[in-house]
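Naming: A, B, ... by sequence-line order, numbering from 1 per chain. Side chains included, hydrogens not; waters and symmetry mates left out as well; all remaining heavy atoms used. Just so you know, these numbers come straight off a predicted model, no measurement behind them.
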Amino acid sequence: MKVSIEINGRTVTGEVEDRTLLVHFVRERAGLTATNVGCDTTSCGACTVLLDGESVKSCTVLAAQADGHAVTTLEGLRGEDGGLHPLQRAFREEHGLQCGFCTPGMIMAAVSLLEHNPKPTRHEVRDGLEGNLCRCTGYHNIVNAVMNASGQEVQR
Amino acid sequence: MIPAAFTYRRVSSVDEALAAVAEHGDDAKLLAGGQSLLPLMKLRFAVPEVVVDIAPLDELRYVRAEGGEIVIGALTRHHDLHHDPVLAEHAPVLARVAASVGDQQIRHRGTIGGSLVHADPAADLPAAILALDGVLVARGPAGERRIRAAEFFQGPFETPLAAEELLTEVRVPVQDGTGWGFEKFTRRALDWAIVGVVVAGGAVSLINMGGTPLRASATEAALAAGASAAEAAALAAEGTSPADEAHATAEYRQHLARVLTERALVAAGR
């Protein structure tokens, strides 16, 4: 079937198999490879994107279901000054990444988390990011990055 | 992992969805939020020939108070339930349970109807609806019918719904304010419950203590007779035969049911 998805403000149209997953459309049709395929079982969150503004696991949404909808990936994030988004900047400042594989998904989930809860506690950050797995960092610096981006104190 | 090939059909009304499943019967599957069905399809545990996408049916996405009941459209998402002001006032236990389903991303897509129809004995919302004595409203070729939650969960992933029927709505009585509690024990973040407990007034239901959500009847009877939370909770595992497997033995699950029931009863103010 033919699908047409607005990705980061640009409409991407393509003929896909009905079973095509959104993550594959984003990576292979739109050529946006920040969104990663990690576990492919709805567990790890590396494929997290915003669908109509809400975080979703794009390995568990059909491209067909996103037809006519708006998707934001890590490449679509911007700060108010046109530079890095506050979460991207905070992940850099707090060293919220090691290998970086989970980072795009972490950041997209954190965007959604802060949207609903602009001043989360550390516990709420951990709760909000429970759908994202990182095998390197022990999560401490990731939590710090989200606290930093929300203008709150971090733990050294 | 990619699902086996199927034909995707998007529908724009309940009637159109019913016509699509009437046409294809057992070969068709309704796709709501897809957070249970798509993982199963990717693992090829489910191989439908036709997938009927009902996610766009906003007519089934609502929560409202109606008389003494809260009426919830089947396509209301877990995230909606978590943040709904009507539920916060009239059925807070349901908002709390919805907030614990899966993770943030799953709650943004997953729907209450999808969770109930999937009927996973380890899922949270079926036990909550059972504790609340909910009624499930289904539409099919013969019209509408209402099924009590106690009759709806028949076995693991088994309900009385026919392939040609669509769950449209869930109705639960407004709670009388006698307190509620919810406890869930998981191995890791976002896992299914090893065991969970939902308390709503004098009702107590158990997650993952058998092939369906179960009412802890001995505990409920003890509570009705004036027993303390500890005394009533000691009876929580009576009559249950939970799975005995690598992550938790049956005996451990029964122990957990007692401990979590006491905590949930205390949280409910019993």
Backbone of B:M1 reached by a side-chain donor or acceptor of A:D40 within 3.5 Å: yes

Should the heavy atoms of other residues, nucleotides or ligands under 6.0 Å from CD of A:E115 be counted, would the total exceed 12? no

Are the side chain of B:Q104 and the backbone of A:L129 linked by a donor-acceptor contact shorter than 3.5 Å? no

Using only heavy-atom distances, determine whether the side chains of B:Q105 and A:N132 contain a donor-acceptor pair under 3.5 Å. yes

CG/B:D53 to CG/A:D67 distance, rounded to the nearest 0.5 angstrom? 10.0 Å

So which residue, B:P56, B:G33, B:A4, ends up with the most heavy-atom pairs under 4.5 Å with chain A? B:A4

Among residues 78-101 of chain B, those lying within the under-4.5 Å heavy-atom range of chain A are B:H79

Counting only non-hydrogen atoms closer than 4.5 Å, does B:L43 touch chain A with its backbone (N, CA, C, O), its side chain (CB onward), both, or neither? neither

Can you find a heavy atom in the side chain of A:L62 that is under 4.5 Å from one in the side chain of B:F6? yes

Compare all side-chain heavy atoms of A:S43 with those of B:D103 and state whether any distance is below 4.5 angstrom. no

Taking side chain as everything from C-beta outward and backbone as N, CA, C, O, which of these in B:R188 sits under 4.5 Å from a heavy atom of chain A? Side chain, backbone, both or neither. neither

Please check: side-chain N/O of B:H108 versus main-chain N/O of A:S55, any donor-acceptor pairing under 3.5 Å? yes

Identify the two heavy atoms, one from A:L21 and one from B:P3, that lie closest to each other, and give their separation to 0.1 Å. CD2-CD, 4.3 Å

Side-chain heavy-atom pair A:E17, B:I2 within 4.5 angstrom cut-off: no

Got a sec: does the CD of B:E245 have more than 12 other heavy atoms crowding it under 6.0 Å? yes

For A:Q65 and B:A55, the nearest pair of non-hydrogen atoms, with its separation, is NE2-CB, 4.4 Å

Is chain B contacted by the side chain of A:C39, its backbone, both, or neither, given a heavy-atom distance below 4.5 Å? backbone

For the NZ atom on A:K2, are there more than 12 heavy atoms of other groups (residues, nucleotides or ligands in this structure) within a distance under 6.0 Å? no

Highest number of heavy-atom pairs under 4.5 Å with chain B: which of A:D127, A:D18, A:L51, A:V56? A:D18

Under a 4.5 Å heavy-atom cut-off, does chain A meet the side chain of B:L37, its backbone, both or neither? neither

From A:K57 NZ over to B:L38 CG, what is the distance, rounded to the nearest 0.5 angstrom? 13.5 Å

B:D27, CG: over 12 other non-hydrogen atoms inside 6.0 angstrom: yes

Please report the shortest heavy-atom distance between B:P39 and A:T42, naming the atom on each side. CG-OG1, 3.4 Å

What one should report as the nearest heavy-atom pair of B:Y8 and A:M1 is CD2-SD, 3.7 Å

Does some side-chain heavy atom of B:T7 sit less than 4.5 Å from a side-chain heavy atom of A:R19? no

Inspect the surroundings of NZ in B:K29 and state if more than 12 heavy atoms from other residues, nucleotides or ligands are less than 6.0 Å away. no

State whether the number of non-hydrogen atoms from other residues, nucleotides or ligands found under 6.0 Å of A:E80 atom CD is greater than 12. no

For A:V61, is it the side chain, the backbone, both or neither that has a heavy atom under 4.5 Å from a heavy atom of chain B? both

Determine yes or no for a side-chain-to-main-chain donor-acceptor pair under 3.5 angstrom, with B:K42 supplying the side chain and A:T60 the backbone. no

